Every structure is written in C-alpha cells, then in structure tokens.
Amino acid sequence: MTVLILQPDPISPATRISHWLDEAERMYDVINLPALVDRNQHNDEDGPISTKQLDSISGIVICGGRMNCYSEDENPWIPPVMKLLKGAVDKGLPVLGICFGHQLLNRTMGGHIEVGSLAHKEDGVVTVEVTDEGKADDWFGGVQDLAPLTADAGE
C-alpha cells in the first residue's frame, strides 16, 4: 500500500521525508496542497485528499509549512485535510505530522496550538535519532539511525 505525503508548502518539500521511504522501499504519493486549490480540487469528494483515499493508503505524512494551523482563510485545503487526518486516526492508520503537520494533527484531534511571535522562533538543524521502537515499526523500520532535519517554527 501507498503512504500519502501531504506537502502544504514548497519551502518544506516532501523530499525531506521521502528519502526515508525510499530506503525502506515504501511506495508513496506526494500531494501538493496549494496546487489543489489552484485546480479547485481541495473540496472534491473524489479528489486526492478525500476520505475515500483512506482505503487505498497505508499511512499519511503531513509536512511542514510557513502557515499556522488556524489559517484556513488563506489555505482553504486545511478543513478537508483535517477531515482526512481524523479519518486516518479513527481507522488506525499511522499518521506522522512534521512541524506544521503535527500542529494540524493536534488541532484535528481537539488540541490547541498557541500562535507565537517571531521573537521566539526556532530555527536550525536538528538530528533525529530512531528509537528501538521506531526500528521495529513496520512503517519506518528501514530508516537509518540518525537523520538531520531542519527546525523552523514560531508556534
């Protein structure tokens, strides 16, 4: 089955995570969320982010972006993505949110995100270490032990 990678912002490309899936020999599809709005496909009941996709995927990764999770006026794809994420969690599919992605997942599941100021912004490279549980996971079992990632957040 295929992992669905949702890319909210080109500044945080799917290639930051897709190489891990390549290493683990996992199939994936990348959905450029702003492009769906450009093509007016973000609310399509049969479109690429509809809950109908849940029967044909093995999990979801939602990447980072410069927006915050309350910016649906500027990013009208947010409500349908929240519906998709909620459906995935309810179905027991693995969902990985990175940066903006984990903020949106938190909001989807009833949490609250405090929008910060630029004065308290995080910025830089961090190293992620895969735990023993992660190494045993069906989804990320093929990922190498250490991986450099960028951090850039104001929330």
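Quick note: numbers below take in every heavy atom, side chains included, and nothing from hydrogens, waters or symmetry partners. Note that the structure is a prediction, hence the values are computed from the model and not measured.
In this structure, CG in Leu6 is found 9.5 Å from CG in Leu104, a value given to the nearest 0.5 Å. Annotation: the span from Ile78 atom CD1 to Thr108 atom OG1 amounts to 9.5 Å, rounded to 0.5 Å. Atom CD of residue Gln53 and atom CD1 of residue Ile31 lie 7.0 Å apart, to the nearest 0.5 angstrom. Expressed to the nearest 0.5 Å, how far CG of Leu85 lies from CG of Leu54 amounts to 9.5 Å. To the nearest 0.5 Å, the span separating CG on Leu36 from CD1 on Ile49 amounts to 5.0 Å. Tyr70 OH to Gln103 CD: the interatomic distance, rounded to the nearest 0.5 Å, is 9.0 Å.
Between Cys63 and Cys99, every side-chain heavy-atom pair lies at or beyond the 4.5 Å cut-off. Between Leu96 and Val3 there is no side-chain heavy-atom pair separated by less than 4.5 Å. Contact of the Cys69 side chain with the Phe100 side chain is registered, since non-hydrogen atoms from C-beta on lie closer than 4.5 Å. Ile62 has its side chain out of reach of Leu105: every pair of non-hydrogen atoms, C-beta onward, lies at least 4.5 Å apart.
Residue pairs meeting the salt bridge (charged side-chain N to carboxylate O under 4.0 Å, His left out) criterion with at least one member in residues 74-89, sequence neighbours excluded, are Lys86-Asp90. Legend: salt bridge (charged side-chain N to carboxylate O under 4.0 Å, His left out) pairs involving residues 104-113, not counting sequence neighbours, sorted by first then second residue: Glu72-Arg107.
Applying the side chain to side chain contact (heavy atoms under 4.5 Å, CB included) criterion to Val37, with sequence neighbours excluded, gives His42, Pro76, Trp77. By the side chain to side chain contact (heavy atoms under 4.5 Å, CB included) test, Asp22 pairs with Tyr28, sequence neighbours left out. Applying the side-chain hydrogen bond (donor to acceptor under 3.5 Å, both in side chains) criterion to Asn32, with sequence neighbours excluded, gives no partner residue. Remark: Gln41 engages Arg39 in a side-chain hydrogen bond (donor to acceptor under 3.5 Å, both in side chains) (not counting sequence neighbours). Looking at residues two or more places apart in sequence or on another chain, you find no side-chain hydrogen bond (donor to acceptor under 3.5 Å, both in side chains) involving Asn106. Here Asp9 pairs with Ile11, Arg66, Met67 under the side chain to side chain contact (heavy atoms under 4.5 Å, CB included) rule; sequence neighbours left out. Every side chain to side chain contact (heavy atoms under 4.5 Å, CB included) that Ala14 has, sequence neighbours left out, goes to Ile5, Gln7, Val30. A search for side-chain hydrogen bond (donor to acceptor under 3.5 Å, both in side chains) contacts involving Asp38 returns nothing, not counting sequence neighbours.
For Met109, the CE atom is densely surrounded, since the number of other residues' heavy atoms within 6.0 Å is greater than 12.
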